[in-house]
S.K.: 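There's a structure below that I have some questions on.
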There are 2 protein chains.
Amino acid sequence: MATITVKKGEIIQRSGALNSKVYFVNSGLLRGYTIDEKGKEHIFIFAPENWTIADAQAPEFPCDLFIDALEDSTITVFQKDITQEGKNVEALIKRMSVLQKRIIMLMSYSAMERFEHFIETYPNILKRVPQKMIASYLGITPEALSTIKKRKGKK
Amino acid sequence: MATITVKKGEIIQRSGALNSKVYFVNSGLLRGYTIDEKGKEHIFIFAPENWTIADAQAPEFPCDLFIDALEDSTITVFQKDITQEGKNVEALIKRMSVLQKRIIMLMSYSAMERFEHFIETYPNILKRVPQKMIASYLGITPEALSTIKKRKGKK
DNA sequence: ATTTTCCATTAATGTAGATTAAGAACGCAC
DNA sequence: GTGCGTTCTTAATCTACATTAATGGAAAAT
């Protein structure tokens with residue numbers, strides 16, 4: 001366990017890395033994302049202050065997610081110790097339930113509904129991240145997000 | 001822990017239920033699904049023999065998933081005991097990683113790519129479940145699945 | 001066996017969102 | 001300041017998939 005500071009733009013974890021860690025954000029903003037075979041980024045999660053971010057893989061398997069800093073941040077890094085994680089099963093289950101709900105969202109809701117849900121989930125980061133990243137989190141293009149916002153404003 | 005038999009069509013767990021369990025399938029076939037506010041089913045997971053199926057929620061929270069039997073089945077039911085689950089953290093993490101990959105799939109892949117992935121994941125249940133359920137698992141309509149299969153056959 | 005219900009396929013049309021392209025507004029470097 | 005890159009917006013066109021509807025077949029009910 002160690003507390004470190006990272007600069008905006010710094011990559012903290014790369015997809016494919018072994019022994020992936022758990023990161024607690026004291027201040028600043030991180031994001032976790034994948035890059036598909038066409039080179040396109042897909043943002044999986046944002047982690048503002050007091051959020052925890054981690055890949056779902058066990059430490060002995062290569063991880064799926066890139067993690068980088070969207071703002072200068074102070075973060076605390078924890079080892080993924082299986083025996084330790086056992087002590088925090090509730091946190092694990094909570095993360096699973098978040099993932100399950102995200103799948104349900106992707107399967108059942110339109111882009112506009114997902115945008116409204118994003119605003120509820122991350123009320124204070126809407127102005128802190130570029131639109132294109134929000135679009136990526138929602139699974140749509142920046143252009144589509146632009147038109148959605150316009151439609152929302154009108155009604 | 002108890003082993004029970006269920007008939008095809010029987011609902012084993014309802015969305016909203018408390019104290020949700022973990023089900024291990026000895027024989028037969030279960031599925032987990034949600035129903036959205038428009039009444040539409042979204043299949044989350046299939047569980048053929050030797051698979052485990054469970055809602056991601058902690059037992060003290062209402063669960064999200066319906067679970068029912070697509071074939072006559074024999075299943076072993078386990079309590080979700082937090083202290084016990086701690087002993088099986090690896091299984092939990094494995095389930096998380098499956099969920100994470102499912103999200104990546106939904107965000108990055110076309111319906112046809114998802115269909116191909118479905119066949120790899122569940123090689124032996126393609127003929128055991130109705131097309132409409134496969135379509136629901138993929139997040140598309142049965143009609144769309146029909147045309148995808150035709151296109152696939154042609155090349 | 002016959003009726004009923006459910007299911008798969010096909011085709012016509014509709015729509016959400018992707019793609020492409022262009023221009024406007026904002027940085028940031030020099 | 002002037003350039004230059006990056007981001008956001010708007011609009012035109014395109015495409016994957018949804019919706020609707022019709023048909024035929026299989027399963028279940030009587």
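All chains are named by letter (A, B, ...) in the order of the sequence lines, taking the proteins before the strands, and each is independently numbered beginning at 1.
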S.K.: For D/dC17, take OP1 and OP2 only and decide whether either is under 4.0 Å from a side-chain N or O of B/T141.
M.R.: no

S.K.: Indicate the atoms forming the closest heavy-atom contact of A/R114 with A/Y109, along with that distance.
M.R.: NH1-O, 2.8 Å

S.K.: Can you tell which of C/dC7, D/dT10, D/dT7 lies closest to the side chain of A/K150?
M.R.: D/dT10

S.K.: Around atom CZ of B/F78, are there more than 12 heavy atoms from other residues, nucleotides or ligands closer than 6.0 Å?
M.R.: yes

S.K.: State which of C/dT19, D/dA18, D/dA21 makes the closest approach to the side chain of B/E143.
M.R.: D/dA21

S.K.: Could you tell me how far apart B/L138 (CG) and D/dA18 (C1') are, to the nearest whole angstrom?
M.R.: 15 Å

S.K.: Between D/dT9 and A/K149, is there an OP1 or OP2 to side-chain N/O distance shorter than 4.0 Å?
M.R.: yes

S.K.: For D/dC8, take OP1 and OP2 only and decide whether either is under 4.0 Å from a side-chain N or O of A/K127.
M.R.: no

S.K.: Where the side chain of B/S110 is concerned, which of D/dC17, C/dA11, C/dA18 is the nearest nucleotide?
M.R.: D/dC17

S.K.: Nearest whole angstrom, please: distance from the C1' of D/dC17 to the CZ of B/F115.
M.R.: 16 Å

S.K.: When you measure from the side-chain N and O atoms of B/K40 to the phosphate of D/dA18, is any distance below 4.0 Å, counting only OP1 and OP2?
M.R.: no

S.K.: Rounding to an integer number of Å, can you tell me how far A/I134 CD1 sits from C/dG17 C1'?
M.R.: 18 Å

S.K.: In whole angstrom, give the distance that lies between atom CZ of B/R128 and atom P of D/dA27.
M.R.: 17 Å

S.K.: Across the strands shown, which category fits B/P142 at heavy-atom distances under 4.0 angstrom: base, sugar-phosphate, nothing?
M.R.: nothing

S.K.: Do B/E49 and B/N26 get their side chains close enough for a donor-acceptor pair, meaning under 3.5 Å?
M.R.: no

S.K.: Quick one: B/L145 CG to C/dA11 P, roughly how many Å, whole number?
M.R.: 16 Å

S.K.: Which sits closer to the 5' end of DNA chain D, B/K8 or B/R114, going by the nucleotide each is nearest to?
M.R.: B/R114

S.K.: Can you name the closest pair of heavy atoms from B/A144 and B/T147 and give their distance?
M.R.: O-OG1, 2.8 Å

S.K.: Check whether the side chains of A/T74 and A/T5 place a donor and an acceptor atom closer than 3.5 Å, and report yes or no.
M.R.: no

S.K.: Given D/dC8, is OP1 or OP2 found less than 4.0 Å from the side-chain N or O atoms of A/S146?
M.R.: no

S.K.: A/I140 has a side chain; which of D/dT10, D/dT19, C/dG17 sits nearest to it?
M.R.: C/dG17

